[in-house]
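Just so we're on the same page: letters track the sequence lines, and every chain starts at 1.
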Protein chains: 2
Amino acid sequence: MHQRLNSSDRLGNFPEQSRVVRKLESIAELSEKEKQALLDLPVSVRNVAADQDIVCDKDRPSHSCLVLDGFVCRYKLLDGGMRQIMSFQTPGDMPDLQSLFLRVMDHSIGTLTPSKLAFVPHDAVRDLLRRYPNLVEAFWRDTLIDAAIFREWMVGLGRREAYGRVAHLMCELLMRLRAVGLANGYSYELPLTQAELADALGLSTVHVNRVLKELRLDGLVVFKGRHLVIQDWEGLKEAGEFDPTYLHVEPQVAA
Amino acid sequence: MHQRLNSSDRLGNFPEQSRVVRKLESIAELSEKEKQALLDLPVSVRNVAADQDIVCDKDRPSHSCLVLDGFVCRYKLLDGGMRQIMSFQTPGDMPDLQSLFLRVMDHSIGTLTPSKLAFVPHDAVRDLLRRYPNLVEAFWRDTLIDAAIFREWMVGLGRREAYGRVAHLMCELLMRLRAVGLANGYSYELPLTQAELADALGLSTVHVNRVLKELRLDGLVVFKGRHLVIQDWEGLKEAGEFDPTYLHVEPQVAA
DNA sequence: CGAAGGCTTGATAGACCTCAAACACAGTGG
DNA sequence: CCACTGTGTTTGAGGTCTATCAAGCCTTCG
């Protein structure tokens, strides 16, 4: 029997729901009723192994998915077999909200680590948005912030050297993981291989390796065993020319 | 006396309104009432010279702008003075719809050619969206397609060589300009300098020049005097590995 | 313990950049 | 009408960043 036993569950029944709510609250004000409505969303939750596709290029999904736990990414494959990762989705994120309005997938979404995902029928989301127009703003904002992150990555891919590109990504992930409580001070779990980082940064695995070594020798960060420690936050920000405006979070602990 | 005389105009009074309507119709179904409401939007129209900023990084705009005529771009400047252009906006586009929901600009928007722009107060747009929920879907879709284009550019910047990158951009612009009636068969006005192309493609001006020459020698395109002629559409698509899915237009004349 | 995946490092090659100079063309002014 | 200027294009030469290839090493896990 397969994993979809719990297709009649509601989001609120899972402990990780707090990450989703927290993420949305970092984006927009939510009333109690709206939060309730969110938690009442019907979901089917699945545990998915690493390196599995959730949605594929050209698919026409009927559900949107929420990341409850794990690292997920959007990516495209080129003819030659090369891969470009276009975003990392961390717990609390909704990687394919867009499929609500763009029927055909123009890219794939897959897990990078073992993940826990909640699938919500599009109809349920549509219904939610009809009943709570304020949530339209929240969800729309979320997709706009996604786009802002794409733009920032474009800057990195187009105009930053490898060193700054890596530094910038590490800064961004600290900010984003903090927002959902997944960072401790200046360190966080970064369960990615160097090859995966390379695919996101438009570099080769070998070069990522060399840059990481350089960052370590410069005393900025240590990345070992899927764990990242930022030893010199100011230095890292400078190396990546990092300015968190594009993340559109409250001027929180961006210290 | 300054240019804003016509601040009490409505969009429908300008002949270029058709481009805006046409653009939106290529994205979503519009009822007659919705089209009417669009045309009744209060606008102040301005003619702007080339190379002028419309909105700057860190601004908090109170209006959204529509491109009635001309080429406009989003861009960011790096510390070293380098520029990354993140999108080209052509007639019919709404480059800063996002400012409705993201208060602070995380990039700048500027003209590349002399342009005719319509500014709509955010309040008027908000009101429109409140009255016509179907337009929410259309506008949201528009911002999602923007994001899809960002993603496709990321692929180019990260994983395509200069040759394919240039080819891909030319394919994309043909499709987009056709959708608003600004292409003739396989040619269109491309009023950009090689330096501007370079800033969009993450290349140096010199290298763009060399690639253009190569494309010409290969018989794919001729770009001369701000005019582009595609001589071998199949070849160009192949060179850029171009697949128009990400533009999310009807499977129109993508022949 | 062996296998597999990931990490690390060296050597070589290629894509692209920077610098520099010449050329074309349009607009300006005497 | 013709220098003069400025912007954009074109081409060459040399240098840098990053990719590719290849090999050795380490860790994890059955």
Are Leu220(A) and Gln231(A) side-chain neighbours, meaning at least one heavy-atom pair lies under 4.5 Å?
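Heavy-atom side-chain distance check fails, nothing below 4.5 Å.
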Side chains of Phe71(A) and Cys73(A): closer than 4.5 Å at any heavy-atom pair?
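The answer is no, as the side chains (C-beta and beyond) never meet within the 4.5 Å cut-off.
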Looking only at heavy atoms, what is the nearest atom pair of [X] and [Y], with distance?
| X | Y | value |
| --- | --- | --- |
| Thr245(B) | Asp243(B) | OG1-OD1, 2.6 Å |
| Phe223(A) | Leu190(A) | CE1-O, 3.4 Å |
| Val45(B) | Ala118(B) | CG2-CB, 4.0 Å |
| Trp153(B) | Leu169(B) | CZ2-CD1, 3.7 Å |
| Ala239(B) | Ala167(B) | CB-CB, 3.9 Å |
| Pro61(B) | Met105(B) | CD-CG, 3.7 Å |

Pair listing, salt bridge (Lys or Arg N to Asp or Glu O under 4.0 Å) test, anchored in residues 203-222 of chain A, at least two apart:
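Passing the test, one end in residues 203-222 of chain A: no pairs.
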Just by protein heavy atoms under 4.0 Å, how would nucleotides 9-15 of chain D read 5' to 3' in B, S and -?
SBBBB--
Axis deviation across the helix from dC1(C)-dG30(D) to dG30(C)-dC1(D), five-pair ends, to the nearest 10°:
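The end axes of the helix from dC1(C)-dG30(D) to dG30(C)-dC1(D) are about 30° apart, to the nearest 10°.
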Would you classify Gly202(A) as touching base, sugar-phosphate or nothing, given that sugar-phosphate means primed atoms plus P, OP1 and OP2, and contacts are heavy atoms under 4.0 Å?
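Result for Gly202(A) = sugar-phosphate.
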Could you give the [atom1]-to-[atom2] distance, from [X] to [N], as a whole number of Å?
| X | N | atom1 | atom2 | value |
| --- | --- | --- | --- | --- |
| Leu201(A) | dA19(D) | CG | C1' | 15 Å |
| Asp51(B) | dG8(D) | CG | P | 7 Å |
| His207(A) | dA13(C) | NE2 | C1' | 15 Å |

Is Arg19(A) salt-bridged to Asp69(A), going by a charged N under 4.0 Å from an acidic O?
yes
Could Glu16(A) and Lys116(A) be called an ion pair, given the rule that one side-chain N must be under 4.0 Å from one carboxylate O?
yes
Under 6.0 Å from the CD atom of Glu238(A), do we count more than 12 heavy atoms belonging to anything else shown?
no
Interface residues of residues 74-86 of chain B with DNA chain C (non-hydrogen, below 4.0 angstrom):
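Output list: Met82(B).
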Tell me which residues in residues 153-169 of chain B put a heavy atom below 4.0 Å from DNA chain D, sorted by number, or none.
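Correct list: empty, so none.
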Donor-acceptor contacts under 3.5 Å from residues 75-98 of chain B side chains, at least two apart:
| from | atom 1 | to | atom 2 | distance (Å) |
| --- | --- | --- | --- | --- |
| Tyr75(B) | OH | Asp53(B) | OD1 | 2.5 |
| Tyr75(B) | OH | Asp53(B) | OD2 | 3.2 |
| Lys76(B) | NZ | Glu152(A) | OE1 | 2.3 |
| Lys76(B) | NZ | Asp106(B) | O | 3.3 |
| Arg83(B) | NE | Asp199(B) | OD2 | 2.9 |
| Arg83(B) | NH2 | Asp199(B) | OD2 | 3.3 |
| Gln84(B) | NE2 | Asp199(B) | O | 3.2 |
| Gln84(B) | NE2 | Ala200(B) | O | 3.1 |
| Ser87(B) | OG | Arg74(B) | NE | 2.8 |
| Ser87(B) | OG | Gln89(B) | OE1 | 2.5 |
| Gln89(B) | OE1 | Arg74(B) | NE | 3.4 |
| Gln89(B) | OE1 | Arg74(B) | NH2 | 3.1 |
| Thr90(B) | OG1 | Asp93(B) | OD2 | 3.4 |
| Asp93(B) | OD1 | Lys23(B) | NZ | 2.5 |
| Asp93(B) | OD2 | Thr90(B) | N | 2.8 |
| Asp93(B) | OD2 | Arg176(B) | NH2 | 3.2 |
| Asp96(B) | OD1 | Cys65(B) | N | 2.7 |
| Gln98(B) | OE1 | Arg151(A) | NH2 | 3.0 |

Any idea which of dT18(C), dT18(D), dC16(C) is nearest the Leu203(B) side chain?
dC16(C)
